[in-house]
Structure formats: C-alpha cells, structure tokens
Amino acid sequence: MSMSAVNISDTELSTFFLIGIPGLEHFHIWISIPICVMYLVAILGNCTILFIIKTEPSLHEPMYYFLSMLAVSDLGLSLSSLPTMLRIFLFNATGISPNACFAQEFFIHGFTDMESSVLLIMSFDRFLAIWNPLRYSSILTGTRVSKMGLFFIIKSMLLVLPFPFTLKRLKYCKKSLLSHSYCLHQDVMKLSCSDNTVNFFYGFFVALCMMSDSVFIAISYVLILKTVMGIGSHRERLKALNTCVSHICAVLIFYVPIITLASMHRFGKKSPLALILIADVFLLVPPLMNPIVYCVKTRQIREKVLGRLGLRQK
C-alpha cells in the first residue's frame with residue numbers, strides 16, 4: 001500500500017492547466033470578444049508599421065528601423081501568448097502539455113526581454129538625435145543599426161534559452177494548476193516537487209538584466225533633459241521633447257504593468273484576480289497600443305498610413 005502511494009506521488013504529470021479569470025467563468029465567452037479584437041488589431045497594427053517602414057524609402061532611418069524591431073517583438077509577444085488565451089476563453093481548453101508550456105514561456109520571456117532591449121536602444125537613439133543631430137546619421141548608419149538589432153535579438157534569446165531546459169529537468173508530481181492564461185517561468189517553477197534552486201536564481205538574474213534596461217532608459221532621459229535644458233529657444237526645447245513622446249508612452253505602457261506586478265508581489269496584498277488581470281494587461285496592451293501611439297504621435301508614420309488608406313490629413 002505504501003509502495004503504491006509512493007508510485008502515485010512520483011508519477012510525472014502529463015498536462016498542466018492554465019486559468020482564465022476566476023469567478024468569471026460564465027463570462028469567458030464574452031471576455032473572449034474584446035481579447036480577439038485586441039489580438040487582431042495588434043497583429044494588423046504592427047504588420048502595418050512594418051509594411052509602411054519597408055515600402056517607404058523616406059522612413060529608412062535609424063528611428064524607424066528601431067520602431068520596426070519594436071513591432072517585431074510585439075508581434076512575437078502576441079503570437080506566442082494570445083492564441084492560448086483565446087483557446088481558454090472560447091473553448092475552455094485549459095490543458096497544455098509540459099513541452100508546449102516550456103516552449104511558450106521561452107518565447108514569451110524572450111520577446112519580453114527583446115522588447116525591453118529595443119526600448120533601451122530607442123532611448124539611446126533619441127538621446128543621440130537631440131545631443132548631436134548633425135552627426136546622428138553618420139553615427140547610426142544602417143550597418144550599425146542592423147548589428148545592434150541582431151546583437152540584442154541574439155542576446156534576448158540566449159538569455160532565456162536555459163529556461164525550458166532547466167524546467168524540463170524538474171519533476172512535477174502533484175500540483176498542475178498554473179496561475180495565468182499562459183506559461184511563465186516562475187509560475188511553472190513553483191509546481192515542481194524537486195529542488196528548483198537553480199531555476200529560482202537564474203530567473204532572478206534574468207529579471208535583474210531586464211530591469212537594468214529600465215535603469216539605463218531612465219539615465220538616458222536624464223541626459224536628454226539635461227541636453228534640452230541647454231537649448232536656448234523654448235520652441236526648440238518643445239520640438240526636441242516632442243520627438244520623445246511616442247517612446248515615453250511605449251516605455252510606460254511596457255514597464256508600468258511589470259512594476260505594478262512586482263510591487264503587488266512584494267508590498268501589496270496578493271489578490272489573485274488583480275494579479276491575473278494585470279498579467280493579462282502586460283501581454284495584451286503593449287502590442288495593441290504601440291502601433292496606435294506611433295501612428296498618432298509620429299507625423300511621418302501617420303501621414304504614410306493615411307496616404308495608403310486614401311485619406312488626407314486635415
């Protein structure tokens with residue numbers, strides 16, 4: 001009898017179960033409608049940004065190359081997470097195999113780190129454009145931009161590459177219910193019934209690397225403000241700062257949910273519903289809002305999009 005109990009407790013789980021929104025299960029079908037709309041708008045918006053930048057020679061500049069990298073990372077986040085969410089809310093299909101879960105968390109964390117890195121190099125781009133506009137094009141050549149983009153893409157993927165392998169080596173015996181509508185490293189790790197010390201410390205290291213991007217972004221804006229304050233004309237100051245508005249919005253859209261989640265885990269009362277909603281916002285909102293923000297606030301992008309739609313800007 002005891003041997004039987006041991007064998008049962010040591011049995012590896014073959015399925016993890018994701019969660020929708022607790023307490024609102026009867027409304028999942030209705031919740032799926034705005035999620036589906038947000039998903040389609042995010043895909044369409046980011047593909048439009050990429051198409052406009054690729055086909056318009058006047059947009060073949062460093063700022064727009066970096067914007068296209070941001071669009072790629074947003075597409076990656078959407079494609080790696082939202083289909084699973086829709087499957088849960090539309091069909092109540094909450095089961096996911098461990099290997100599929102490990103793959104999903106690799107892509108989610110990889111594209112999240114990639115987006116963070118792109119926002120960092122975009123802040124450097126804005127600083128350089130304001131600090132030394134005459135040498136901007138000669139410093140950020142197309143070749144250098146391509147090398148920077150390739151470096152950060154490879155860095156992001158290599159940084160999270162150990163995640164699925166370290167999770168795969170763990171044993172999962174009893175708990176199978178995850179805390180979100182998609183797989184995250186720290187969430188899967190907690191289900192383990194074996195020693196996950198390595199996973200904990202490596203996950204903490206990856207989180208520090210990503211949060212260091214936000215520190216360097218803040219430093220970039222301190223330098224930008226210092227440079228802008230040195231400009232004599234008030235009109236020129238506003239013009240210089242206006243070129244940063246879209247990027248500031250993108251940074252806030254990306255980092256505010258992350259900082260809110262971290263603060264709730266560390267200081268606040270852990271409301272499961274609030275944590276789930278903010279975690280969903282973190283993956284739903286940036287891919288949706290970034291194309292909208294850049295179309296509204298960046299005149300060149302707005303004019304090209306309206307032109308392709310056959311509309312004239314008033």
Side-chain angles (χ1 to χ4, degrees), residues 13 15-22 35 39 73-74 76-89 93-117 156-172 175-194 196-211 213-214 253-266 268 270-287:
L13 293 173
T15 305
F16 293 143
F17 293 96
L18 300 165
I19 195 169
I21 300 179
I35 291 177
Y39 180 44
S73 62
D74 280 334
L77 274 178
S78 295
L79 293 173
S80 59
S81 60
L82 290 187
T84 303
M85 295 175 67
L86 286 174
R87 190 164 60 93
I88 294 169
F89 288 107
T94 59
I96 185 171
S97 70
N99 286 336
C101 190
F102 301 155
Q104 185 184 53
E105 60 87 26
F106 165 74
F107 285 111
I108 288 176
H109 287 291
F111 283 112
T112 298
D113 187 80
M114 179 178 165
E115 179 141 350
S116 178
S117 298
S156 297
M157 294 306 163
L158 287 180
L159 186 65
V160 300
L161 186 60
F163 275 175
F165 297 104
T166 56
L167 288 175
K168 193 174 179 65
R169 74 176 182 82
L170 299 176
K171 287 186 178 181
Y172 305 91
K175 296 183 292 183
S176 60
L177 184 63
L178 295 165
S179 306
H180 301 292
S181 307
Y182 47 85
C183 295
L184 292 176
H185 175 263
Q186 61 271 28
D187 202 16
V188 177
M189 178 186 71
K190 291 176 182 177
L191 299 184
S192 170
C193 56
S194 57
N196 59 14
T197 305
V198 172
N199 301 71
F200 174 80
F201 282 107
Y202 190 74
F204 182 68
F205 168 73
V206 172
L208 283 180
C209 289
M210 194 172 73
M211 293 312 295
D213 290 344
S214 63
I253 289 168
F254 181 76
Y255 279 108
V256 166
I258 294 178
I259 294 171
T260 303
L261 272 177
S263 300
M264 289 178 69
H265 276 292
R266 179 66 181 86
K270 297 181 182 179
S271 166
L273 180 59
L275 289 174
I276 289 169
L277 289 175
I278 295 172
D280 287 347
V281 163
F282 163 63
L283 286 188
L284 285 168
V285 174

S.K.: Specify the closest pair of heavy atoms between Ser78 and Pro287, including all atoms of both residues, with the distance to one decimal.
M.R.: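 The pair with the smallest heavy-atom distance is OG-CB, 3.1 Å.
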S.K.: If you look at every heavy atom in Leu18 and Leu177, which pair is closest and at what distance?
M.R.: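 Smallest interatomic distance, heavy atoms only, reads O-CD1, 4.2 Å.
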S.K.: Do Arg87 side-chain atoms and Gly95 backbone N/O form a donor-acceptor pair below 3.5 Å?
M.R.: yes
S.K.: Are the ring centres of Phe165 and Phe102 closer than 6.0 Å?
M.R.: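 That pair fails the under 6.0 Å test.
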S.K.: What is the ring orientation for Phe107 with Phe111, classed by angle as parallel under 30°, tilted 30 to 60°, or perpendicular over 60°?
M.R.: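 Parallel: the ring planes of Phe107 and Phe111 meet at under 30°.
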S.K.: May I ask you to decide if the ring planes of Phe282 and Phe254 are parallel, tilted or perpendicular, using 30° and 60° as cut-offs?
M.R.: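 Rings of Phe282 and Phe254: tilted, as their planes differ by 30° to 60°.
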S.K.: Is a donor on one side and an acceptor on the other found under 3.5 Å between the side chain of His185 and the backbone of Glu105?
M.R.: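 Such a contact is absent between His185 side chain and Glu105 backbone.
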S.K.: Enter the distance from Leu170:CG to Cys193:SG here, rounded to the nearest 0.5 Å.
M.R.: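 These two atoms lie 8.5 Å from each other.
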S.K.: Report the distance from atom OG of Ser73 to atom CE of Met114, rounding to the nearest 0.5 Å.
M.R.: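 These two atoms lie 5.0 Å from each other.
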S.K.: Hey, what do you get for OG (Ser179) to CG (Leu191), rounding to the nearest 0.5 Å?
M.R.: 7.5 Å
S.K.: Could you tell me whether the side chain of Asn199 and the main chain of Thr166 form a donor-acceptor pair under 3.5 Å?
M.R.: yes
S.K.: Under the salt bridge (Lys or Arg N to Asp or Glu O under 4.0 Å) test, which residues partner Asp74, sequence neighbours left out?
M.R.: none
S.K.: Is there a donor-acceptor contact under 3.5 Å linking the side chains of Ser81 and Gln104?
M.R.: no
S.K.: Which pair of heavy atoms, one from Ile108 and one from Ser80, lies closest together, and at what distance?
M.R.: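 Taking every non-hydrogen atom into account, CG1-OG, 3.7 Å.
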S.K.: Within the 3.5 Å criterion, strictly below it, is a donor on Lys190 or Asn196 matched to an acceptor on the partner's side chain?
M.R.: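 Looking only at side-chain atoms, Asn196 and Lys190 do not form any donor-acceptor pair under 3.5 Å.
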S.K.: With Thr15, which residues qualify under side chain to side chain contact (heavy atoms under 4.5 Å, CB included), at least two apart?
M.R.: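 Side chain to side chain contact (heavy atoms under 4.5 Å, CB included) list for Thr15, sorted by chain: Phe17.
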S.K.: List the atom of Cys101, the atom of Val188, and the distance in Å for their closest heavy-atom pair.
M.R.: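 Scanning both residues completely, I find the closest heavy atoms to be SG-CG2, 3.7 Å.
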S.K.: We want to know whether Tyr255 and Ser116 form a side-chain donor-acceptor pair, criterion being a heavy-atom distance below 3.5 angstrom.
M.R.: yes
